[in-house]
2 protein chains.
Amino acid sequence: MGRKKRARPVASRRAKAGQEEDGGAGEAGAGGSKRERNKREKRARILAAARSLFAEQGFDETTGRQVCERAAVGTGTLFLYVRDKRELLLWVFEQDARRILSRPIPTRGTPVDRWLAFLNPFLALYARDTRLARNYVRELLFRPENPPELMQLNQALRAGLSEIAETAQARGELRKDVGPEEMGSLVAGQYAHLVQAWLGSGRLGARQVRARLRRGLALLVEGLEP
Amino acid sequence: MGRKKRARPVASRRAKAGQEEDGGAGEAGAGGSKRERNKREKRARILAAARSLFAEQGFDETTGRQVCERAAVGTGTLFLYVRDKRELLLWVFEQDARRILSRPIPTRGTPVDRWLAFLNPFLALYARDTRLARNYVRELLFRPENPPELMQLNQALRAGLSEIAETAQARGELRKDVGPEEMGSLVAGQYAHLVQAWLGSGRLGARQVRARLRRGLALLVEGLEP
DNA sequence: CGACGAAACTGATCACGATCAGTTTTGATC
DNA sequence: GATCAAAACTGATCGTGATCAGTTTCGTCG
């Protein structure tokens, strides 16, 4: 029962309310001290090693020791940077997800069009390696103990969907007596469900997911009443 | 890459189209040969041992060896009955899920009422031990390689939701130009999404899930258009 | 610069899930 | 009953993820 929180390399003293230094892919932060630089480099090496190995062999087939070897760090070091192996996968995908979320929110077409345009890059990302994406989505959705930066990805996705709903309400395209967050939540529900049917149980293909998502959102807007 | 399918104890020669022998909780099947009886008993012991240990200690904290000891079987035997430890948890919940699914489908009230009445027992089951339920839902939803009996649970749930939709269409409560399966799928989407928000990320409580489910389904029926 | 404390790092080590060669049980055949 | 093959079982063993006591690196202060 007694938790033993091991002290990990400090998560960057500054970075209070502001950006996380980056925004692109390249982990380009230019923090000062040698310690911080070393840590960033090591972290970057670990993530790069993990990314390539996961792509080459898959997640389950890649051992932590392999990652450490390719990243040129000791076997114990890995777990100073991630709580466990699964978190490593989450960090790898997090880089991609952030890049997607930094794009501008679509403004053209019907609300359904915009929701789809917003969600499409994620579907494309998952399609690149569905096996890996399955592990990612599973861990992302079912781990309360994930670091906040990771949980925030979900939140950001929902925020984007809500924002689209809000704009649509302002334009008179959607009813105004329902909160945009609630609408966003309904959309997120359909999206998550279809992604799960695709990646999780392999019941659907990527093509079907897109089609069903469009159809489902259209029905959501129209309603099921006669 | 090369899979090595180990031959597990045969899954019961007869039992073709019919019942799975049971229906209640007690694994009461009266199959003939001593072999079959032994296997059933052993399987029942393993499941009972796992169930009690999971309840006492949680899933991660329970070791396979503990289960074997309490079930009075050798450590290797466990994996003749389940592919891995996670599957063990799935089988434990499967017993409960089957019992729930064997109930009659609700027929009273609005379609939303009926969908809720149908889904409520599952929410109650999850509420009994949310930590365990999280593991269960996660594995159930994100493992294509699960045995068919387990994957079928999902399907049965969706079938129930569809049946409710179909009845409602016949009564003129829902539009008839949308397939009942599609409606069921939309409902399942909302349900799954809320369960995930509850068990997965701990974002919601059980109470909120019920409320939001009702609200979400109502909106689904009404539509989001002005 | 030298010395010191703290942070970061390391690989030996542990516990666990899973496997497998070897053993026991079962039921069919004579 | 005796004999045999197939099915089921077993615990020793293996590879893995994760941990920890011991070591190195870094920044600071006299």
Side-chain angles (χ1 to χ4, degrees), chain A residues 2-13 31-46 49-50 53-54 57-90 135 139 143 145, chain B residues 2-13 31-46 49-50 53-54 57-90 135 139 143 145:
Chain A
R3 287 289 173 78
K4 196 68 146 309
K5 281 271 209 227
R6 191 115 159 72
R8 302 202 240 169
V10 52
S12 84
R13 195 91 11 132
S33 78
K34 179 160 186 183
R35 270 223 166 121
E36 288 186 33
R37 192 154 19 89
N38 271 346
K39 270 186 319 197
R40 257 201 324 276
E41 278 172 14
K42 213 160 265 196
R43 194 189 133 92
R45 283 211 309 276
I46 288 173
L53 281 165
F54 291 163
Q57 316 178 333
F59 178 72
D60 291 329
E61 291 74 15
T62 299
T63 70
R65 288 168 177 85
Q66 284 179 305
V67 174
C68 292
E69 190 186 3
R70 185 169 293 193
V73 300
T75 56
T77 306
L78 174 57
F79 294 101
L80 290 173
Y81 288 84
V82 295
R83 189 188 304 271
D84 53 32
K85 190 185 161 192
R86 292 161 167 185
E87 196 180 292
L88 188 55
L89 178 63
L90 290 174
N135 282 297
E139 298 310 324
R143 305 212 335 172
E145 69 273 18
Chain B
R3 288 287 172 80
K4 196 67 146 309
K5 281 272 209 216
R6 192 115 157 70
R8 304 202 238 168
V10 53
S12 83
R13 196 92 10 135
S33 78
K34 178 159 187 182
R35 269 216 170 126
E36 289 186 30
R37 193 153 21 88
N38 271 347
K39 270 185 321 195
R40 257 200 326 273
E41 279 173 14
K42 213 160 266 197
R43 192 190 135 93
R45 284 210 309 277
I46 289 173
L53 282 166
F54 290 163
Q57 315 179 333
F59 178 71
D60 290 329
E61 292 73 15
T62 299
T63 70
R65 287 169 176 86
Q66 284 179 305
V67 174
C68 292
E69 191 185 2
R70 185 169 292 194
V73 301
T75 57
T77 306
L78 174 56
F79 295 100
L80 291 173
Y81 288 84
V82 295
R83 188 187 306 269
D84 53 31
K85 191 184 160 192
R86 292 161 168 184
E87 196 180 291
L88 189 55
L89 178 62
L90 290 175
N135 282 296
E139 298 309 324
R143 305 213 333 172
E145 68 275 17

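Keep in mind that this is a model prediction, so the values were computed, not measured. Below, read A as the first sequence line, B as the second, and so on, with proteins coming before strands; counting in each chain starts at 1.
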**Request:** Working to the nearest 0.5 Å, report the span between CD of A/E41 and CZ of A/R45.
**Result:** 7.0 Å

**Item:** Approximate separation, where rounding is to 0.5 Å, of B/R70 CZ and B/L53 CG
**Value:** 4.0 Å

**Request:** Measure from the side-chain N and O atoms of B/Q66 to the backbone N and O of B/T63, and report whether any donor-acceptor pair falls under 3.5 Å.
**Result:** yes

**Asked** Atom NZ of A/K39 and atom C1' of D/dT25: how far apart are they, to the nearest Å?
**Response** 13 Å

**Item:** Euclidean distance, atom CD of residue B/E87 to atom C1' of C/dA18 [Å, nearest integer]
**Value:** 13 Å

**Prompt:** Are the side chains of B/I46 and B/L88 in touch, meaning some heavy atoms are under 4.5 Å apart?
**Reply:** yes

**Complete:** Between CG of B/L53 and P of C/dC16 the distance, given in whole Å, is 13 Å

**Asked** If you check the A/Y81 side chain, which of C/dC16, D/dT10, C/dA8 turns out closest?
**Response** C/dA8

**Prompt:** In whole angstroms, how far is the C1' atom of C/dC16 from the CG atom of B/D84?
**Reply:** 13 Å

**Message:** How long is the straight-line distance from CD of B/E145 back to CG of B/D84, given to the nearest 0.5 Å?
**Reply:** 7.5 Å

**Fill in**
Rounded to whole Å, the CD-P distance (A/E41 to C/dC9) equals 11 Å

**Asked** Between residues 66-79 of chain A and DNA chain D, which residues have a heavy-atom gap below 4.0 Å?
**Response** A/G76, A/F79

**Asked** Donor-acceptor pair, B/K85 side chain versus B/F59 backbone, under 3.5 Å?
**Response** yes

**Asked** Taking atom P of D/dT10 as reference, at what distance in whole Å does atom CG of B/L80 sit?
**Response** 9 Å

**Asked** Side-chain contact, heavy-atom cut-off 4.5 Å: B/R37 with B/R40?
**Response** yes

**Request:** Round to a whole Å and report the spacing from CZ of B/R65 to C1' of D/dC9.
**Result:** 17 Å

**Message:** Tell me the closest heavy-atom pair linking A/V82 and A/E87, and the distance in Å.
**Reply:** CA-OE2, 3.6 Å

**Message:** The side chain of A/K42 is closest to which nucleotide in this list: C/dG17, D/dA8, C/dC9?
**Reply:** C/dC9

**Complete:** To the nearest angstrom, the CG-C1' distance between B/D60 and C/dG17 comes to 12 Å

**Request:** Can you check each nucleotide of nucleotides 23-30 of chain C against protein heavy atoms at under 4.0 Å and return B for base, S for sugar-phosphate only, - for none, in 5' to 3' order?
**Result:** --BBS---

**Request:** Please determine if B/K39 forms a cation-pi arrangement with B/Y81, meaning its NZ or CZ atom is less than 6.0 Å from the six-membered ring centre and no more than 45° off the ring axis.
**Result:** no

